[in-house]
There are 4 protein chains.
Amino acid sequence: MSSFFHPIRVSWVDTDAGKVVHFSNYFKFFEEAEEAFYRSLGLDFDAIEDEFGIWIPRVEAFCQYKSSARFNDLLEVEMRVSEVRDKTIRYEFVIRKRGDESIIAQGHVVAVAVDRKTGKSTQIPPILRERLSQPLVGEDVGEPSL
Amino acid sequence: MSSFFHPIRVSWVDTDAGKVVHFSNYFKFFEEAEEAFYRSLGLDFDAIEDEFGIWIPRVEAFCQYKSSARFNDLLEVEMRVSEVRDKTIRYEFVIRKRGDESIIAQGHVVAVAVDRKTGKSTQIPPILRERLSQPLVGEDVGEPSL
Amino acid sequence: MSSFFHPIRVSWVDTDAGKVVHFSNYFKFFEEAEEAFYRSLGLDFDAIEDEFGIWIPRVEAFCQYKSSARFNDLLEVEMRVSEVRDKTIRYEFVIRKRGDESIIAQGHVVAVAVDRKTGKSTQIPPILRERLSQPLVGEDVGEPSL
Amino acid sequence: MSSFFHPIRVSWVDTDAGKVVHFSNYFKFFEEAEEAFYRSLGLDFDAIEDEFGIWIPRVEAFCQYKSSARFNDLLEVEMRVSEVRDKTIRYEFVIRKRGDESIIAQGHVVAVAVDRKTGKSTQIPPILRERLSQPLVGEDVGEPSL
């Protein structure tokens with residue numbers, strides 16, 4: 001699958017007293033890119049979860065920090081759905097400053113489909129599996145807002 | 001009503017690149033004190049909301065910043081229920097460093113009872129009104145955890 | 001002064017167990033709009049603070065909540081510099097869903113110039129005062145990223 | 001090294017619209033335990049960093065989510081310094097509900113000493129290495145505040 005790109009502007013609140021983005025916030029940036037990705041697919045994640053009586057919580061999150069981001073930096077999250085298995089989806093993320101090759105942070109997140117009634121893991125809905133296996137039809141290439 | 005005190009230790013994530021607590025986090029500190037207050041009363045806020053078919057969202061929040069708090073500071077939130085009206089509850093907050101008279105931040109929050117079905121404001125449940133008008137029976141006076 | 005508009009997409013992390021945006025996050029939305037506003041002016045706030053040996057912390061923040069915002073909502077923050085006094089700047093904010101007239105939240109923030117050495121309030125730098133008194137030259141009108 | 005335990009009460013703001021703690025907040029809980037651990041040792045991390053002209057940023061963070069935590073839950077973070085190498089420190093974390101054996105989340109964080117001038121990795125200061133290799137002298141066993 002090709003990559004999806006999502007811009008993120010570092011806000012003051014994202015920083016900590018070390019004058020860099022707090023390490024936990026990169027996970028928010030990962031998630032924000034994932035949300036933009038699903039909007040770009042025109043998939044209503046919530047509706048799909050409701051229809052199939054499931055939810056798809058994260059079971060694993062990982063990030064390596066290579067460099068720092070600072071207030072007002074314009075970042076770009078590159079995201080890829082690297083694996084869709086029977087019950088799990090795996091996303092890979094790389095964060096750079098826009099226009100810069102060097103990596104600030106990279107990591108992955110794994111989510112699993114869970115039946116709401118039984119609380120047990122279950123199948124990823126076919127509609128989701130199909131869409132995630134297709135080439136990207138939407139891409140977040142517009143200029144970021146200021 | 002007498003005051004309720006709740007200790008809060010400033011974490012690294014609460015700070016921003018100015019090396020002080022981010023202004024938005026004082027509202028979290030207000031809320032954390034309010035939550036401790038309700039636990040001290042033995043009132044299950046959620047259960048009360050469910051029983052009466054309401055929720056009690058905030059309609060107003062205000063904070064004045066007099067000084068700064070920094071990483072590792074041990075703060076104390078003084079909280080008071082200053083007014084219980086027909087449909088609203090008003091909380092006042094003062095934040096100081098423990099053992100220090102000078103004020104770091106102070107403000108208030110107003111919450112209103114809302115009927116879940118109609119979406120309109122409604123009566124504060126009597127059980128809540130009664131408990132809030134009594135002198136404090138619990139108080140968060142224990143040593144804060146490290 | 002005319003209004004400045006800044007779009008904000010509600011992320012999952014902005015919500016709370018009430019399924020709406022947590023009340024403290026509206027202050028982050030206010031700040032994000034303010035940051036976009038200064039970028040639109042081409043003013044480097046940090047550089048100005050360094051040049052004049054000051055910082056301009058918030059001394060007051062206020063928000064009224066009229067309605068709720070939810071996951072994936074596209075909000076628009078309308079911001080106005082309503083007053084530039086000798087030592088203070090006051091910003092007014094109104095948050096709506098894009099394309100919807102009804103107000104979700106509105107409030108204000110007051111910031112004061114503080115001399116870094118003395119810790120006392122001081123003059124807003126003339127360069128900042130001048131630019132804030134001019135009509136807006138930049139405006140954040142582009143489409144929000146997805 | 002023996003384990004260090006730190007209690008954390010789940011606040012409303014920690015939750016998301018799924019009515020559970022947002023996955024990114026477990027990294028904050030990890031960090032809060034780590035901060036309490038260093039306070040228990042009587043080590044001023046900031047002072048050590050200043051004395052040696054270094055900082056010790058995180059280079060890796062990982063979490064597996066086994067179950068969910070909800071508003072008002074009283075959690076306990078078990079933390080262990082699992083490895084102190086030449087330039088890195090590794091912390092392991094397990095989060096449970098207090099009084100419950102089952103694991104909600106577990107993970108690790110790796111931090112590396114970095115020379116502030118050169119930006120290159122450098123030795124963990126001996127004073128830190130020595131203290132981290134000793135048995136725990138302090139432990140956060142007190143009752144959590146309400």
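A, B, ... follow the sequence lines: proteins, then strands. Residue 1 opens every chain. Just so you know, these numbers come straight off a predicted model, no measurement behind them. Below, each value reflects all heavy atoms present in this structure, side chains not excepted, and no hydrogens, waters or symmetry copies.
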Quick one: what part of V20(C) sits under 4.5 Å from any heavy atom of chain B, side chain, backbone, both or neither? side chain

Can you tell me if CZ on R129(C) sees more than 12 non-hydrogen neighbours from other groups inside 6.0 Å? yes

To the nearest 0.5 Å, what is the distance between OG on S24(C) and CD on E31(B)? 7.0 Å

Taking all heavy atoms of F23(B) and all of F27(C), pick out the closest pair and write down the distance. CZ-O, 3.6 Å

CH2 of W55(C) to OG of S68(B), rounded to nearest 0.5 Å, is 4.0 Å

Hey, could you give me the CZ/NE2 distance between R58(B) and H22(C), rounded to the nearest 0.5 Å? 6.5 Å

Any non-hydrogen side-chain atom of V112(B) less than 4.5 Å from a side-chain atom of Y65(C)? no

